[in-house]
Every structure is written in C-alpha cells, then in structure tokens.
Amino acid sequence: MSSLEIRNLHVSTGDKEIVKGVSLTINSGEVHAIMGPNGAGKSSMAKAIAGHPDYLITEGEVLLDAKSVLEMESDERARAGIFLAFQYPSEVPGVSIANFLRAAIQARMAEGEEIDAAAYYKRLYEKMDLLKIDRKFTSRSVNEGFSGGEKKRSEILQMAMLEPRFALMDETDSGLDIDALKIVAEGVNHLRGPNLGVLLITHYQRLLNYIVPDHVHVMIDGRLVKSGDRTLALELESKGYGWVKKEFANA
Amino acid sequence: MVEQSASMPAVADPIGAFTEQALERHLASLEKAPAFWLERKRAAYAKFASLPLPGRTDEAWRFSTVSGVSLDGFTPAAPAAAPAQRRPAGIDIAAAATLAFVDGRPAQAGPIAPELAQRGVVVSTLTQALAEHPDLLREHFMAQPQKLGSAKFAALHEAFVEDGAFVFVPKGVEIDAPIVVVHAASRPQGALFPHTLVIADDGSRVTVVDHFVSAGDTRQFACGANDLYAGHGAKICYAAAQCWSTKALSLQFNSTVVRRDARVQSLNIHLGGGQARHESLSQLQAPGGFSEMLAVTVASGAREFDQRTLQIHQAPNTKSDLLYKNALLDKARTIFSGLIIVDPDAQKTDAYQRNANLMLSDDAESNALPGLEIQANDVRCTHGATSSRIDPEQEFYLKSRGIPPKAADELLIFGFFEEVLNRLESEELHAALRTLIRSRVRM
C-alpha cells in the first residue's frame, strides 16, 4: 500500500501565493475529490505536485511513501508513480499517440532493455477497447485537432497504460458533454482499485455522480476549509460555496 | 582587387592536390571513355582552375564559414587503386535495384529485377552508360547552369568524377519499389565525387534513394552532384540521406528539370558532415510542372549546414513548393538562402517557400535569407522563415509522462520533421528514412 502525503503545502506563481498551506493524505485505493470555486488554487496545487516549473513550492512537503519528491524533476516524479491528467493537454504535432506512449513506457524500463512491440500493442489495444477508443486513434498526433472529449479520453488512456500509483485529475470534466463525461468516468472507474489513489479536482459536483469519491474536500482561497464524505458534495451542489466560506470566516 | 598586406594569411590554395597532372592521371585511367567526355572534363578542369575559392564578400556565400571551404589536404583517389569489393550497408528497404560505390568506384551491387530490364529500364554505372547511352549523358549530365555559388566545385566534380549511378526509365514505365544507390567514402583525407543521374522519360514514374555514408569518423571531402530530369508527365521521387562523417566537408549540387505536367519531389536529409553545403536548383520549364523541394536537417555539435535553393519558373502554370526544416542543437549553425524567380511569361505561377528552424539550444544559430524575383504579374508567391523554441508547456507535458528531457527533445524533433516526411507517398520509404534518422539522432 502506498501513500501520497501533502504536508502544509504553499505554492506560488510569480510572486503570488496561490496555495496557502494544504495538508492531505491519499492512500492507495482511495478517491479524494477537491472542490472549490475558480481561482481557489486546486489546479496550481496539482501542477506543483507534478513538478511544473512555473509553480514554485515555497513551503511544505510532498511525500510519496514517506519520501520527498520535491528534489525530483517532473519526469522522475512521473516515473515514481505520480500522474497528472491535464485540464488542457498540450498538442504535440507529428508525434503519434503510439510513439508517445512507447517513449513513456521505454523511459520506465531499465537501461538497455527494449520494449516488446507486439506485447505493447496488444496491451494498448486492450486498454483502448476498454475505453471505447477507435484503434485509428493511435496513429494520430497527440491531442492535435482532438475534440474536448478525445483529449480527455487520451489522458485516461495514458493513465491506463502508465499505471501510476497516484493520479491527480485536473478538471477532467471540463469541456465535456454528458456522454463524453460518462465515458471518461467509466474509464476512471475501470482503473480504480487497490493500487491506485486518485485526487479528483473539479468545481462541479456533476462528475461525482459518476465517479463516487471516498472523501470530499472544499478548497477556498488556497486552503482546505472543509472535509467530509460524498454528502458534502451534494450539500455544495444545493447550497453553493457561499455557506462554506461564511462558516470558514466565522471559525 | 584588394591589395594584400604582409600580415594577412596566405591565400588558400585554389586547386590543392587537384593539379593538371592529377587530372591527366585521372583521364588516362578512363580508357574506354568517348572523346566528348574527356573534352568536357578538360573544359571543366580549366573552369575549376580559373575560378577563385569563395570569399567572404561573395553574396552567394553570405553567412558561410568560407575558411572551411578549402581544398587543403584532400587528395583524389589514386587511379591504380583496386575497386572496392564490399558493398556498404544501405537503408533498410526492399529495392527494385541497388548500386553501390566506394570512393567513387563501383562496388558489388544487387541486380536489377529482370522484368524491369525487359521493359528497358537502365540502372547502371556512368561508365556503362557512357558506352551504351552516350547521347543521354551528353544531354543530361551536368547540363544545367550552376547558379548558386559553387560553379568552381561543380567544375571540379565534372573534371574528376570517376563513376556514379545512371538511372533511365523509358516512356510510360512505372516502377514502384525504389532504386537505392549507396555512395560510401572510405579514405581519410580522401576526395570523392559521387554522382547520380536520373532520367525519367515521358509518363514514367520512379523513386531513387541516394545514401551517402562514411567508413569511420575521419576528415573527407565529398563533392557530389545529382541531376534529375522529368520528361512530360513523368514523376520522380528522389530522397537523399547524407550521413557523411561528422568531420567531412560536403558540397552537393542538385539540379532538377521539370517538363510539362511532370512532378518531382526531392527530399534531402542532412545528418552528417562537419560543414555541409547543399545547393538545389529547380527549373520549371513547361506548363503544369511541379517541383516539391523538401529537406530536414539535424544540426548538432559545432557543425554548419548551408542550404541554397533556387526555384525558377520559366513557363506559365507551374508550381513549386519548398519546405526545409532544421533542428538545431548545441552550437550548430544553419544557413538557408532561398530564391524564387518568376520569368516574365510564367503567369499563374504558384510558388511557395518555407524554412522552419527548431532551436533546441541557446548557443545554436540559424540564418535565413528568403527572396523573390517576380517579373510576371499574375502569380501567387509566398515565402517565410520561422525560428521557434520548444514550447515549455509541451515539454512539461512530455516530462509529466516520465519521458526524460533528452528523449522528449528527440520526440519533439521527430514531430517537427513529420510534416516533411509525411509528404512522401510511400509508407515504406517514410518508415525506412525515419529509422535511419533515428539511428543517427540518438541523443
């Protein structure tokens, strides 16, 4: 069993502090949802944990199985088992999904070890079938000209192939219609299991109808202000964020 | 003429070891060559000897490191040397025929498929072609003007060329599989003059691949030329993979003639050479002609890649499309100088030219000199040069999947080149060239 422990995390971009001391532990097998209004610092936190160079961790710790990841480059963090599903995945013209994933898997192998191409494609096609992705998809350039739904499915496919220990899913529901959302949620539910911990970032509770979280946290102005189970999400849905803010201000 | 002061370094030797005696030795070795061939060689030699080496003020050599373009220390092959036996390794593709040359001399090569020979296709050495098809050589061998600055070296090539590839495809004959020609350099300090001449008669179709390789990483001088002639309605796909030693001086002159409704696609892949210059001239001589000029360059180390192009539209309703992409690493330099000329009566010309540079290092340098000379009034001509860095978001995306920075750069370079390689119609050729590039690019 693994754990991803976020301890008193402070994150800045430029000279602006966005995340102001977040502590949270995710164990494998658990799905945590972080909800909060735009600008609360949810995405910044995810990017900082993944090692984005523009998001500076000024204080605190991120521990993967009690080992700090902060000295690691982003590619090392990924190989250690942290996966960021992007809200806006980059387009990589001229690089096919198949070659992109192959490079990512090759990077996880020992030096001198070569990927078994037949086994690789077999596995890739299995995952694609699971996610209801057309096989022609593999020869398309990564995210280039993809619809919103295709981009998100491509993220889930990558996650399925790379088998991370922890997935940080940044606004996976944004830009999706209800059918696309269902397909993506189904994919995540397939991957859910005792070996994976998930941090689900969203500002709508809609996604949580399809991916049911074990824990729900509310983030406002860079801090986690309330935690609970999935009923908290339903409460937020009916009452909005206003009451949590008020409650937090009065505390 | 600039007066020389005593403190200036000695002027570089304009002929080096390529003396008249060396020429005579070379001519004496060509026992069976027809008289016209020897005369042409003598005339070419006189031109070579009379022209100066490029100077710093030559417009055609602007931005080039002209001090590197020197003949010092290079020697022509001794005429008595035995022909090479071993066939050098080529690219991995099923070929209709193969030819191989080592230091300009024929080496063991695969036979041409019998059904092609029956249809009159000729894949032979220039020496054989001189005996069997002298008129074709007279008409097409280095018959086009040298307009891009290397007249001296083109003359040197013509004077000293020993042998090379000759491909003739008769009227209406279409060949699917490529004809593969390997030109290998084996001698340290050796000069060699690789040549490939492709003549596609009316309505024919052919693919020819030139592969330039060095044995060992030594200093060499490759002074090569290739002539492509596409008759009415003919279709030529020509791909060249330049993989000379990283210490080589490479000068290559490409000339393309496109006749009525003909189409020539040429792709030059530059991977080798310490200093490599490539000059490419396309002449669109009759209506409906189309020349597609493509190149990809991996410039690494402190090497220099210098590309000079000229698209001349001599007839109405002709089209040319140039796309040259350079990936620059380390302290490499690239130069792209491209000119489109539209003659007064070449109305409805459609000419395009684009040079794109991907900068992977702050110390690398790309220079671009695009130009237009339009004398007709009803034309569409577009040109542009861009220089870009890797998008940091893109790089983070790749790294966030666990791909280390060097492998990420390699992927992005390949992605950058795909736009060019995708223009190839043949999947097999595309895959073979991609593999070749990958084998040379491993970072």
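It should be emphasised that the depicted structure is a prediction, and the values quoted were computed from it without experimental measurement. Naming convention: chains lettered A, B, ... in sequence-line order (proteins, then strands); numbering from 1 in each chain.
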Exercise. Under 4.5 Å between any side-chain heavy atoms of B:M293 and B:N254, yes or no?
Worked result: no
Problem set entry | Heavy-atom side-chain proximity of A:I211 to A:V198 below 4.5 angstrom | no
Is [X] in contact with chain B via its backbone, its side chain, both, or neither, using a 4.5 Å heavy-atom distance?
{"X": "A:R108", "result": "side chain"}
{"X": "A:E91", "result": "backbone"}
{"X": "A:F100", "result": "both"}
{"X": "A:P89", "result": "both"}
{"X": "A:L162", "result": "side chain"}

Exercise. So which part of B:L398 gets closer than 4.5 Å to some heavy atom of chain A, the side chain, the backbone, both or neither?
Worked result: both
For this session: Pick one of side chain, backbone, both or neither for B:Q394, based on which atoms fall under 4.5 Å of a heavy atom in chain A.
Result: both
Exercise. With under 30° as parallel and over 60° as perpendicular, where do the rings of A:H52 and A:Y55 fit, or are they tilted in between?
Worked result: perpendicular
Problem set entry | Pairing of A:K122 and A:E126 as salt bridge, 4.0 angstrom limit | yes
For this session: Output yes when A:R135 and A:D129 qualify as a salt bridge under the 4.0 Å nitrogen-oxygen rule, no when they do not.
Result: yes
Problem set entry | Partner of B:E365 under salt bridge (Lys or Arg N to Asp or Glu O under 4.0 Å), chosen from B:R303, B:K331, B:R333 | B:R333
For this session: With a 4.5 Å cut-off on heavy-atom pairs, point out which of B:A408, B:P392, B:G402, B:P404 contacts chain A the most.
Result: B:G402
For this session: Flag the one option from B:F417, B:F416, B:Y397 with the top tally of heavy-atom pairs under 4.5 Å to chain A.
Result: B:Y397
Exercise. Looking at A:S141, A:A107, A:A104, which makes the most heavy-atom pairs under 4.5 Å with chain B?
Worked result: A:A104
For this session: Among A:Q158, A:E73, A:E76, single out the residue with the greatest number of heavy-atom pairs under 4.5 Å to chain B.
Result: A:Q158
Problem set entry | Charged tip of A:R165 within 45° of A:F83 ring normal and under 6.0 Å | no
Exercise. Hey, does the Lys NZ or Arg CZ of B:R434 hover above the aromatic six-ring of B:F414, less than 6.0 Å from the centre and inside 45° of the axis?
Worked result: no
